[in-house]
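Worksheet: the structure to be examined is printed underneath.
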Amino acid sequence: MTSFPDAIEHAVRIALVAAAESGSLSPLGDVSFVVERARNREHGDWATNVALVAAKQAGVAPRDLAALVVEHLPDLEYLAATDIAGPGFINFTLASDWYLEVLRTAAMGGPDHARGDSKGKERIQVEFVSSNPNGPLHIGHGRGGVIGDVIARALDYAGHPVSREYYYNDAGVQMDRYAASLEALYLQALGKDAEFPEDGYHGSYVEDWAGELVAEHGDAFVDLADRRDRIRQWGLDRAMRNIEETLELARIPFDVWFSETSLHEGGDVARSIDVLRERGYVFEDQGAVWFRTTDFGDEKNRVLVKSDGEYTYIAPDVAYHRDKFERGFDRVINVWGADHHGYIPRMKAAVDALGYDPDRLEIVINQMVNVNRAGEPVRMSMRAGEFISFRDVLEEVGADATRYTLAAFSPDTTINFDLEAAKTQSMDNPVYYLQYAHARMCSLERFAREQGVERLPIDEVDLTRLTDQAERAVLRQADRLGEEIAEAAARRAPHRIATYGTDFATAFHRFYAECRVVTDDPAVTQARLWLIEASKSVIQAVLGVLGLSAPESM
RNA sequence: GCCCCCGUAGCUCAGUGGACAGAGCAGGAGCCUUCUAAGCUCUUGGUCGGAGGUUCGAAUCCUUCCGGGGGCGCCA
């Protein structure tokens with residue numbers, strides 16, 4: 001089957017050569033031009049700027065060059081018209097046959113009809129959330145979670161083998177502080193004398209969980225020699241359970257849960273430092289072991305092993321990234337909050353120093369989320385104790401509206417997440433606009449059935465009865481599905497899918513308003529029922545990649 | 001001081017080299033005795049933060065300044 005825009009680009013190149021051979025144009029070298037969808041309907045379906053970019057080299061005015069290209073253009077399937085417009089754009093209008101192909105493909109292929117081919121696609125790991133297992137996820141983790149999840153879903157749809165991974169720091173100092181806090185509260189709850197650690201965790205959840213610990217184990221841990229370790233393990237399990245439950249509520253699945261401790265126990269941390277040392281990037285100074293990241297453009301060198309013999313967080317992270325590449329991923333994407341952006345040069349340096357191309361590690365940074373309630377800021381400090389968790393938000397606002405709010409904006413933009421606005425079932429909340437389109441499609445099909453209208457096999461239906469502009473507009477939008485998701489995946493820009501979904505829903509809602517589906521004309525009714533089937537495929541694909549539910553009625 | 005993100009309509013944001021800058025909300029005017037009005041149509045509203053530059057062409061790329069947010073540890 002013909003595929004656009006490739007077919008047009010190919011035809012234009014042929015035309016350039018043909019024009020040169022006919023003597024009306026001096027031969028051009030490699031010309032770099034684009035063929036893209038026209039923004040306005042008056043500009044047809046596809047447009048190329050070839051005449052604008054090549055005019056200077058050809059020594060011909062853009063519009064004249066465009067005319068030469070059009071004149072020598074070979075026959076192209078599905079092409080209905082070419083026009084020269086504006087400063088020298090060539091616009092291509094497709095025949096309605098093309099859109100009936102789009103309809104058949106979408107209607108028969110279901111939501112997966114526009115999935116990309118996996119042939120030759122990079123194997124990609126997406127690592128995200130990766131919150132420390134010492135407390136609930138907050139909204140920032142939630143944003144990273146939704147962004148990583150949608151990127152992974154989009155990559156998968158585009159044809160990439162994808163592995164979704166959660167890395168948890170269950171070793172390290174933060175874990176000690178958390179365990180010590182739990183331990184102190186546990187002992188205090190049992191009436192024992194215990195001092196709360198100065199750098200302990202103050203969240204009210206710590207108190208709640210210490211209470212659970214007492215309820216579960218009573219004073220069984222009090223006199224144990226390995227009390228702290230037992231409590232640490234219990235606390236780890238408790239936190240992980242909370243995190244897993246929250247992610248499940250948010251519909252964010254993972255393929256691999258990777259433990260930092262496993263790196264230490266497997267000797268990978270020490271081994272990775274050895275690798276760096278062998279490659280000449282390690283030195284000792286003031287009793288500490290240093291990684292010469294400045295060799296790779298970092299602003300200063302970084303400590304791997306502190307003078308007290310403890311690893312810094314960098315050491316296991318080096319080991320972890322080495323492990324990722326040893327597992328054979330072509331590309332590794334990490335989704336981090338903006339507060340970690342300064343860490344990128346270090347991590348890139350590590351990958352480089354280990355002998356891997358640092359470009360294979362990509363970091364997607366997402367900006368902060370401010371939580372408001374009816375315009376008033378909600379305090380978000382972990383330390384202050386009172387903070388609204390991601391789970392609280394999911395439970396209050398619902399997974400659909402929460403996910404949409406976190407996915408619909410560019411990761412580069414700071415989000416002001418207003419709980420009241422997100423809960424409102426209005427157009428402040430475009431998630432309903434998308435879902436309503438789906439519910440409407442289902443409702444139309446139900447109504448047809450209730451009226452005794454049976455949809456005939458598509459081969460027996462005259463799709464050429466779809467002649468309304470609104471019908472064609474739906475199919476024009478439907479045609480974009482595959483490339484929009486692929487583009488969103490390639491740019492790591494999940495919000496593009498939400499934008500596209502809104503465009504599609506708009507076209508559908510307009511169709512609904514313009515065209516009555518169940519009519520006195522059975523042929524038209526049949527054709528429109530198939531248009532709805534195709535539309536369902538598209539909207540379900542969009543909702544699926546965004547991880548939103550597709551309600552059959554609202 | 002250095003680094004990252006943002007600055008586009010009253011508000012929240014799309015648009016990162018193309019053709020008159022878009023959407024939703026808010027404001028104004030219409031559309032339900034036949035398929036869901038969580039919808040549709042029309043309309044008001046913009047020096048794309050400022051100034052230079054590159055280009056046939058700049059909201060988009062470069063420089064610089066201004067404003068807002070975040071980050072710069074032998075913490076993670």
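Predicted model, so just to flag it, every value in this text is computed and none were measured. Naming: A, B, ... by sequence-line order, numbering from 1 per chain.
- The nearest whole Å value for the distance from the CD1 atom in Ile415(A) to the P atom in G69(B) is 18 Å.
- Going from the P atom of C3(B) to that of U64(B) covers 10 Å, rounded to whole Å.
- Using a 4.0 Å heavy-atom criterion, one finds that Gln57(A) contacts no nucleic acid atom at all.
- In this structure, of U34(B), C72(B), C56(B), it is C56(B) that holds the atom nearest to the side chain of Leu52(A).
- Minimum atom distance to the side chain of Ala85(A) is reached by A19(B), of the listed A38(B), A19(B), C74(B).
- Here His495(A) lies in heavy-atom contact (under 4.0 Å) with sugar-phosphate atoms only.
- Residue contacts shown for Thr413(A) are limited to sugar-phosphate atoms, with no base heavy atom under 4.0 Å away.
- Summarising the base pairing, U60(B) is matched to no nucleotide, lacking a Watson-Crick or G-U wobble pair whose two defining distances lie under 3.5 Å.
- Among the heavy atoms of the strands lying under 4.0 Å from Ser410(A) are primed sugar atoms or P, OP1, OP2 only; no base atom is included.
- Residue-level contact check: Asn372(A) touches neither bases nor backbone, having no heavy atom under 4.0 Å from any strand.
- Atoms CG and NE2, from Asp170(A) and His264(A) in turn, are 8.0 Å apart once rounded to the nearest 0.5 Å.
- Rounded to whole Å, the C1' atom of C32(B) lies 24 Å from the corresponding atom of G27(B).
- The nearest pair of heavy atoms linking Val335(A) to Ile147(A) is CG1-CG2, 4.3 Å.
- Distances from the side chain of Gln367(A) to the nucleotides G15(B), C5(B), C2(B) place C5(B) closest.
- Picking from C74(B), C56(B), C40(B) the nucleotide with the shortest atom distance to the side chain of Tyr433(A) gives C40(B).
- Here the separation of G18(B) from G39(B), taken at their P atoms, is 31 Å to the nearest Å.
- Because its NZ or CZ atom is both nearer than 6.0 Å to the ring centre of Tyr512(A) and within 45° of the ring axis, Arg440(A) counts as a cation-pi partner of that residue.
- Aromatic rings from Phe291(A) and Phe283(A) are positioned such that their centres are separated by 6.0 Å or more.
- Here A76(B) is the nucleotide among A76(B), A19(B), U16(B) with the atom lying nearest to any side-chain atom of Asn169(A).
- Here C20(B) presents its P atom at 11 Å from CZ of Arg39(A), a figure rounded to the nearest Å.
- For Lys56(A), whose side chain is taken as the heavy atoms from C-beta onward, the closest listed nucleotide among A76(B), U55(B), C35(B) is U55(B).
- Residue-level contact check: Gln286(A) touches the bases, meaning some heavy atom is under 4.0 Å from a base atom.
- Here, A59(B) and G7(B) have their C1' atoms 11 Å apart, quoted to the whole Å.
- No contact: Ala437(A) has no heavy atom under 4.0 Å from any strand.
- Using C1' as the reference atom, A29(B) and C48(B) are 29 Å apart when rounded to the nearest Å.
- Atoms CG (Asn370(A)) and C1' (G68(B)) sit 12 Å apart, rounded to a whole Å.
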Test side chain to side chain contact (heavy atoms under 4.5 Å, CB included) applied to Leu68(A) and Asp64(A), step by step | CA-CA 6 Å; Leu68(A) 279 173; Asp64(A) 295 338; 5.9 Å; no
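- Within 4.0 Å of Arg302(A), counting heavy atoms only, lies no atom of the nucleic acid at all.
- You cannot call His341(A) stacked on the base of G71(B); the centres under 5.5 Å and planes under 30° rule is not satisfied.
- Comparing Asn49(A) and Arg446(A) by the nucleotide of RNA chain B that holds the closest heavy atom to each, the one mapping nearer the 5' end is Asn49(A).
- One can place CZ of Arg516(A) at 20 Å from P of G39(B), the figure rounded to the nearest angstrom.
- Across all strands, Tyr313(A) comes closer than 4.0 Å to base atoms (heavy-atom distances).
- Among U16(B), A14(B), C74(B), the nucleotide with an atom closest to any side-chain atom of Arg491(A) is U16(B).
- Using modelled atom types, one finds no donor on one side chain facing an acceptor on the other under 3.5 Å when comparing Gln469(A) with Arg472(A).
- As rounded to the nearest Å, U16(B) and U8(B) have C1' atoms that lie 13 Å from one another.
- Residue Asp339(A) is classed as a sugar-phosphate contact, given heavy-atom separations below 4.0 Å to backbone atoms only.
- The aromatic rings of Tyr343(A) and His340(A) lie perpendicular to each other, with more than 60° between the two planes, well past the 30° mark.
- Using C1' as the reference atom, U47(B) and G70(B) are 29 Å apart when rounded to the nearest Å.
- Residue Tyr343(A) is out of contact with every strand shown, counting any heavy-atom pair closer than 4.0 Å.
- Across all strands, Cys515(A) comes closer than 4.0 Å to base atoms (heavy-atom distances).
- Distances from the side chain of Glu36(A) to the nucleotides G18(B), C20(B), A38(B) place G18(B) closest.
- Between U60(B) and G52(B), the distance separating the two P atoms is 14 Å to the nearest Å.
- Minimum atom distance to the side chain of Arg440(A) is reached by G39(B), of the listed A19(B), G39(B), C74(B).
- At a threshold of 4.0 angstrom between heavy atoms, the contacts of Ala498(A) with the nucleic acid are absent.
- Taking CG from Leu531(A) and NZ from Lys536(A), the interatomic distance works out to 13.0 Å, rounded to the nearest 0.5 Å.
- Both distances falling under 3.5 Å, in either a Watson-Crick or a G-U wobble arrangement, occur for no nucleotide opposite A38(B).
- Residue-level contact check: Val53(A) touches the bases, meaning some heavy atom is under 4.0 Å from a base atom.
- Closest contact between the side chain of Phe409(A) and the listed nucleotides A14(B), C20(B), A38(B) involves A14(B).
- Put simply, the side chain of Ser443(A) and the base of C35(B) share no donor and acceptor less than 3.5 Å apart.
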